[in-house]
S.K.: 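Structure incoming, see below.
Starting from 1, each residue takes its place in the sequence as its number. The model shown is predicted, which means the values in this text are computed figures rather than measured ones. Atom set for the values below is all heavy atoms of this structure, side chains included, hydrogens, waters and symmetry mates excluded.
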Amino acid sequence: MRDFAAEEKRSHDEREADQLKSLNGQLGPDNQLTSLSGLRDLPVLRKSDLTQAQSENPPFGRVPVKNVGRVFQSPGPIYEPGGKGEDWWRLGRFLNAVGVCPDDLVQNTFSYHFTPAGAMFESAADAVGATVFPAGPGQTTDQARSAAKL
């Protein structure tokens with residue numbers, strides 16, 4: 001499990017170096033940056049270009065399907081890959097910051113549907129070692145009963 005507390009104690013320079021390393025890991029070899037200020041020089045992908053690329057080369061344009069754990073749909077429609085791996089959405093730090101820990105049971109009332117909210121919250125709970133009760137939205141009376149019993 002990641003040491004979120006150590007990450008929060010990094011200096012500004014350490015944090016920026018870690019962010020640059022992570023970003024360069026996602027960029028192709030031809031687009032490596034030497035500083036975060038180089039972000040402003042990267043090309044912008046327009047929504048219309050993305051939907052066209054996805055319609056011509058489904059499901060993600062020219063991006064390979066390997067290592068994709070889930071597929072989500074956003075308006076457009078735009079199909080978004082949800083990757084495999086620890087804390088894919090990088091929300092574990094958020095749950096850690098609000099005090100969620102391995103001794104906790106969290107009731108995930110986000111939807112497991114076209115959008116990624118349910119999977120995002122579950123991934124974050126996994127990252128901090130919490131147990132998840134995947135309840136989804138709706139049925140508020142049953143939700144309250146379950147929360148009280150659990």
Side-chain angles (χ1 to χ4, degrees), residues 1-28 31-47 49-51 54 59-61 63-150:
M1 191 164 34
R2 282 174 52 186
D3 185 358
F4 292 105
E7 289 180 11
E8 290 300 321
K9 295 176 185 173
R10 294 176 293 182
S11 70
H12 174 78
D13 291 341
E14 289 171 317
R15 182 183 309 268
E16 191 168 293
D18 289 344
Q19 290 171 336
L20 183 62
K21 180 181 177 184
S22 178
L23 178 61
N24 278 329
Q26 296 175 50
L27 296 173
N31 292 316
Q32 296 293 291
L33 302 178
T34 57
S35 72
L36 292 178
S37 64
L39 278 168
R40 68 175 155 251
D41 299 324
L42 292 177
V44 173
L45 178 64
R46 304 256 179 241
K47 181 177 180 179
D49 295 335
L50 179 58
T51 55
Q54 288 186 346
F60 306 121
V63 178
V65 180
K66 68 180 181 178
N67 297 323
V68 173
R70 296 175 179 92
V71 177
F72 301 101
Q73 181 183 353
S74 293
I78 294 174
Y79 297 97
E80 301 175 35
K84 298 177 183 177
E86 183 180 326
D87 201 16
W88 167 259
W89 301 96
R90 297 176 308 279
L91 292 176
R93 176 195 262 160
F94 151 70
L95 286 187
N96 179 77
V98 298
V100 178
C101 64
D103 293 333
D104 290 327
L105 171 64
V106 295
Q107 187 165 342
N108 187 356
T109 61
F110 286 108
S111 175
Y112 288 78
H113 194 55
F114 283 119
T115 60
M120 291 169 75
F121 188 82
E122 183 166 327
S123 173
D126 287 344
V128 297
T131 301
V132 176
F133 173 51
Q139 301 169 307
T140 54
T141 301
D142 291 339
Q143 292 269 2
R145 280 191 200 115
S146 294
K149 287 183 181 182
L150 293 172

S.K.: Output the distance between atom CG (Leu33) and atom CG (Leu42), rounded to the nearest 0.5 Å.
M.R.: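 Between Leu33 CG and Leu42 CG, I get 5.0 Å after rounding to 0.5 Å.
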S.K.: Holding to side chain to side chain donor-acceptor pair (under 3.5 Å), I want the full list of residues that pass it with Asn24, two or more places apart in sequence or in another chain.
M.R.: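 In terms of side chain to side chain donor-acceptor pair (under 3.5 Å), with neighbours along the sequence ignored, Asn24 is linked to no residue.
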S.K.: Of all residues at least two apart in sequence or in a different chain, which pass the side chain to side chain donor-acceptor pair (under 3.5 Å) check with Asp3?
M.R.: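 Once residues adjacent in sequence are excluded, Asp3 has no partner under the side chain to side chain donor-acceptor pair (under 3.5 Å) criterion.
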S.K.: CG of Leu50 to CZ of Phe60: how many Å apart, nearest 0.5 Å?
M.R.: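 If we round to the nearest 0.5 Å, Leu50:CG and Phe60:CZ are 10.5 Å apart.
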S.K.: CD of Glu16 to CZ of Arg10: how many Å apart, nearest 0.5 Å?
M.R.: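 Answer rounded to 0.5 Å: 11.0 Å.
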S.K.: Do the non-hydrogen side-chain atoms of Leu27 and Leu23 ever get within less than 4.5 Å of each other?
M.R.: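 The answer is yes; the side chains approach within 4.5 Å.
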S.K.: Considering non-hydrogen atoms only, spot the tightest contact between Ala125 and Val132 and give its length.
M.R.: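 Reported closest heavy-atom pair: CB-CG2, 3.5 Å.
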S.K.: Just by modelled atom types, is the Leu36 backbone N or O under 3.5 Å from a matching donor or acceptor in the Gln19 side chain?
M.R.: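 Between the backbone of Leu36 and the side chain of Gln19 there is no qualifying donor-acceptor contact (under 3.5 Å).
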S.K.: Report the residues that fulfil ring-ring contact (aromatic ring centres under 6.0 Å, His included) with Phe121, sequence neighbours left out, ordered by chain and then residue number.
M.R.: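 Once residues adjacent in sequence are excluded, the partners of Phe121 under the ring-ring contact (aromatic ring centres under 6.0 Å, His included) criterion are Phe110.
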S.K.: Does Asp18 offer a backbone N or O that forms a donor-acceptor pair with the side chain of Ser22 under 3.5 Å?
M.R.: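 No: the side chain of Ser22 does not pair with the backbone of Asp18.
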S.K.: Please tabulate, for the side chains in residues 100-107, all donor-acceptor contacts under 3.5 angstrom to protein atoms that are two or more places apart in sequence or on a different chain.
M.R.:
| unit_1 | atom_1 | unit_2 | atom_2 | d |
| --- | --- | --- | --- | --- |
| Asp104 | OD2 | Cys101 | N | 2.9 |
| Gln107 | NE2 | Gln143 | O | 3.3 |
| Gln107 | NE2 | Gln143 | OE1 | 2.4 |

S.K.: Can you list the residues that meet the side chain to side chain donor-acceptor pair (under 3.5 Å) rule with Glu8, with sequence neighbours excluded?
M.R.: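 Scan of Glu8 (side chain to side chain donor-acceptor pair (under 3.5 Å), adjacent residues dropped) gives Arg93.
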S.K.: Please give me the minimum heavy-atom distance between Trp89 and Phe72, naming the atom from each residue.
M.R.: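 Answer, listing the atom of Trp89 first, then Phe72: CZ2-CE1, 3.6 Å.
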S.K.: For a quick test of reading the model, state the closest non-hydrogen atom pair linking Phe133 to Ser146 and the distance between them.
M.R.: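 Closest approach of Phe133 to Ser146: CE2-CB, 3.6 Å.
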S.K.: Rounded to the nearest 0.5 Å, how far does CD of Glu122 lie from CG of Leu91?
M.R.: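 So the gap between those two atoms works out to 12.5 Å.
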S.K.: What is the minimum heavy-atom distance between Ala127 and Gly92, and which atoms define it?
M.R.: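 Looking at all heavy atoms of both residues, the shortest contact is CB-CA, 3.9 Å.
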S.K.: Can any side-chain N or O of Thr51 pair as donor or acceptor with the backbone N or O of Lys47 at less than 3.5 Å?
M.R.: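 Yes; judged by distance alone, with no hydrogens or angles, the pair exists.
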S.K.: When rounded to the nearest 0.5 angstrom, what distance separates CZ in Arg15 from CD in Glu7?
M.R.: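 Taking CZ in Arg15 and CD in Glu7, the distance rounds to 8.5 Å.
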S.K.: Taking side chain to side chain donor-acceptor pair (under 3.5 Å) as the definition, give me every residue that meets it alongside Asn108, ordered by chain and number, with sequence neighbours left out.
M.R.: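 With neighbours one apart ignored, the set is Tyr112.
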S.K.: Would you name the heavy atoms of Ala5 and Asn96 that are closest together and state the gap between them?
M.R.: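 Here Ala5 and Asn96 meet closest at N-ND2, 4.3 Å.
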S.K.: Could you tell me whether Arg90 and Asp87 make a salt bridge, using a distance below 4.0 angstrom between a side-chain N and a carboxylate O?
M.R.: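 The answer is no: the pair does not qualify as a salt bridge.
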S.K.: Rounded to the nearest 0.5 Å, what's the gap from OG1 on Thr109 to CD on Gln139? Could you check?
M.R.: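 Thr109 OG1 to Gln139 CD: 12.0 Å, rounded to 0.5 Å.
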